[in-house]
Asker: 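Before I ask anything, here is the structure I am working with.
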Amino acid sequence: MVISVVLAFGIALMCQSRNRFTAAVGQIYVWFFRGVPLLVQILIWFNLAVLYPTILGTDTNQLISGFTAGLFALSLAESGYMAEIIRGGILSVNKGQTDAGLSIGLTRGQTLRRIVIPQTIRVIIPPTGNQFIGLLKASSLVSAIGGSDLLTQTQLIYGQNFKIVPLLIVATAWYLILVSVASVGQYFLERRFNPDGAASGRSVRQLLKRNVLLQKFSPSPRKAVRP
């Protein structure tokens, strides 16, 4: 998930670029990795040695194991979805905020870091938490190539003792526990970045600075002229 978020942030910026070529590359990336089923991507990475027996002089099968193939497939597939979520978060910030940042002397990079991204995070946390839970469950697809996931380990155990249903129930319980932990984490993150809550992340100093700036840049009322 961390890899996919980092990739998605760069892809989202590419999609928002004024350069048509850069924007087209970002849109094609999103189109491809959202369009190809995750299981197909896992199988392609796992069988990459069929097309490229060696990579940089090293056996491809040694470089791309079941774990590595699952990591690449899950990260790239998820980055396509996360890029659209992050792009939606960026679009949710009023363009006037960017113009205001530029008007007080900030560069576009500084405006993005100090004004746009803090507001974007608050918007994208709920869908990102949902995607994380979905990715957690989608990791069970790695069992198709014998990866190091929870379902694969469950299959290895019930392949020896033939207690299929009890072990699947155990795997279900573990998935529910992990999803519950992720949901609790999402709840506290939402409280942390909620601007209206007590844990909004705004210190008293930041609020005072904000009020000073508002008073400084707000137009002063005109004094009434007596006849």
Side-chain angles (χ1 to χ4, degrees), residues 1-12 15 26 29-48 63-90 92 117 120-161 163-194 199 201:
M1 191 65 187
V2 173
I3 295 172
S4 66
V5 169
V6 173
L7 290 175
F9 185 76
I11 297 300
C15 293
Y29 181 97
V30 173
W31 166 77
F32 180 81
F33 284 106
R34 286 200 310 173
V36 180
L38 178 56
L39 182 58
V40 176
Q41 296 186 44
I42 292 173
L43 294 174
I44 289 175
W45 279 105
F46 187 68
N47 295 285
L48 194 62
L63 290 177
I64 302 180
S65 60
F67 173 80
T68 309
L71 179 65
F72 287 164
L74 291 170
S75 301
L76 294 174
E78 185 62 27
S79 65
Y81 293 96
M82 283 303 305
E84 286 296 282
I85 292 175
I86 294 175
R87 188 175 70 88
I90 294 174
S92 69
I117 290 181
T120 301
I121 291 176
R122 176 173 56 87
V123 176
I124 69 174
I125 283 179
T128 300
N130 187 57
Q131 288 296 121
F132 177 75
I133 291 173
L135 183 65
L136 185 63
K137 295 185 295 183
S139 64
S140 61
L141 294 174
V142 182
S143 62
I145 59 174
S148 302
D149 65 298
L150 176 60
L151 184 57
T152 299
Q153 300 302 320
T154 303
Q155 291 173 336
L156 291 176
I157 296 174
Y158 73 58
Q160 298 175 358
N161 58 19
K163 297 180 180 180
I164 300 176
V165 175
L167 283 168
L168 288 177
I169 292 175
V170 171
T172 301
W174 274 110
Y175 279 117
L176 290 175
I177 291 172
L178 294 174
V179 168
S180 300
V181 172
S183 300
V184 172
Q186 177 185 342
Y187 169 76
F188 282 105
L189 276 177
E190 290 181 8
R191 287 191 57 187
R192 173 67 176 81
F193 289 97
N194 181 15

Asker: Tell me, please, which residues at least two apart from Thr152 pass side chain to side chain donor-acceptor pair (under 3.5 Å).
Answerer: Asp149
Asker: State the CD1-OG1 distance between Ile121 and Thr128, to the nearest 0.5 angstrom.
Answerer: 9.5 Å
Asker: Might you point out which heavy atoms bring Leu150 and Ala171 nearest each other, and give the distance in Å?
Answerer: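 In this case the closest contact between Leu150 and Ala171 is CD2-O, 3.9 Å.
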Asker: Under 3.5 Å, side-chain donor or acceptor atoms of residues 139-148 against the rest of the protein: list the pairs with distances, not counting sequence neighbours.
Answerer:
from	atom 1	to	atom 2	distance (Å)
Ser139	OG	Leu136	O	2.5
Ser140	OG	Lys137	O	2.7
Ser143	OG	Ser140	O	2.7

Asker: So do Ser4 and Met1 actually touch side chain to side chain, heavy atoms under 4.5 Å?
Answerer: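 A side-chain contact under 4.5 Å exists here.
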Asker: Asn47: what forms a side chain to side chain contact (heavy atoms under 4.5 Å, CB included) with it, not counting sequence neighbours?
Answerer: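 Testing Asn47 for side chain to side chain contact (heavy atoms under 4.5 Å, CB included), a comparison that skips the adjacent residues, returns Leu43, Val50.
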Asker: Give the C-alpha distance, both sets of side-chain angles, the deciding distance and a yes or no for side-chain contact (heavy atoms from CB on, under 4.5 Å) between Val170 and Thr154.
Answerer: CA-CA 9 Å; Val170 171; Thr154 303; over 6 Å; no
Asker: List the steps, then state whether side-chain contact (heavy atoms from CB on, under 4.5 Å) holds for Val123 with Ile90.
Answerer: CA-CA 9 Å; Val123 176; Ile90 294 174; over 6 Å; no
Asker: List in chain and number order the residues that pass side chain to side chain contact (heavy atoms under 4.5 Å, CB included) with Val40, two or more places apart in sequence or in another chain; answer none if no residue qualifies.
Answerer: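 Checked Val40 against side chain to side chain contact (heavy atoms under 4.5 Å, CB included); matches are Val36, Pro37, Ile44.
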Asker: Is any side-chain heavy atom of Phe9 less than 4.5 Å from a side-chain heavy atom of Thr120?
Answerer: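 With C-beta onward as the side chain, the pair stays apart.
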Asker: Can you name the side chain to side chain contact (heavy atoms under 4.5 Å, CB included) partners of Glu84, sequence neighbours left out?
Answerer: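 Scan of Glu84 (side chain to side chain contact (heavy atoms under 4.5 Å, CB included), adjacent residues dropped) gives Val30, Arg34, Arg87.
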Asker: Using the ring-ring contact (aromatic ring centres under 6.0 Å, His included) criterion, which residues pair with Phe33? Sequence neighbours excluded.
Answerer: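 Expected list: Tyr29.
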Asker: Is it true that, when you exclude Ile3 itself, more than 12 heavy atoms of the residues, nucleotides or ligands shown sit nearer than 6.0 Å to its CD1?
Answerer: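 No.
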Asker: For atom OH of Tyr158, decide whether the heavy atoms of other residues, nucleotides or ligands shown that lie under 6.0 angstrom number more than 12.
Answerer: yes
Asker: Kindly compute the distance separating CG (Leu71) from CD1 (Ile42), expressed to the nearest 0.5 Å.
Answerer: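 Those atoms lie 11.0 Å apart.
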Asker: Identify, with sequence neighbours excluded, every residue that meets side chain to side chain donor-acceptor pair (under 3.5 Å) alongside Gln131.
Answerer: Glu78
Asker: Using the side chain to side chain contact (heavy atoms under 4.5 Å, CB included) criterion, which residues pair with Trp31? Sequence neighbours excluded.
Answerer: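 So Trp31 forms a side chain to side chain contact (heavy atoms under 4.5 Å, CB included) with Ile28.
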Asker: Can you name the closest pair of heavy atoms from Ala83 and Ala8 and give their distance?
Answerer: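 For Ala83 and Ala8, the tightest heavy-atom pair comes out as N-CB, 3.3 Å.
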Asker: To the closest 0.5 Å, what do you measure between CD1 (Ile125) and CG (Asn130)?
Answerer: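 It is 13.5 Å, given to the nearest 0.5 Å.
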Asker: Show the nearest heavy-atom pair for residues Leu74 and Ala138, with the distance to one decimal.
Answerer: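 Closest heavy-atom pair between Leu74 and Ala138: CD2-O, 4.2 Å.
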Asker: When you compare the side chain of Thr68 with that of Leu63, does any pair of heavy atoms fall below 4.5 Å?
Answerer: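 No. Closest side-chain heavy atoms not under 4.5 Å.
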Asker: My understanding is that only residues two or more places apart in sequence, or in another chain, count here; which of them pass ring-ring contact (aromatic ring centres under 6.0 Å, His included) with Tyr81?
Answerer: none
Asker: In Å and rounded to the nearest 0.5 Å, what is the CZ to CZ distance from Phe72 to Phe67?
Answerer: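 These two atoms lie 9.5 Å from each other.
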Asker: Which residue pairs pass the side chain to side chain donor-acceptor pair (under 3.5 Å) test with at least one member in residues 175-187, sequence neighbours excluded?
Answerer: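 Non-adjacent pairs meeting side chain to side chain donor-acceptor pair (under 3.5 Å): Gln186-Glu190.
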Asker: Report yes if the side chains of Ile133 and Leu178 come closer than 4.5 Å at any heavy-atom pair, otherwise no.
Answerer: no
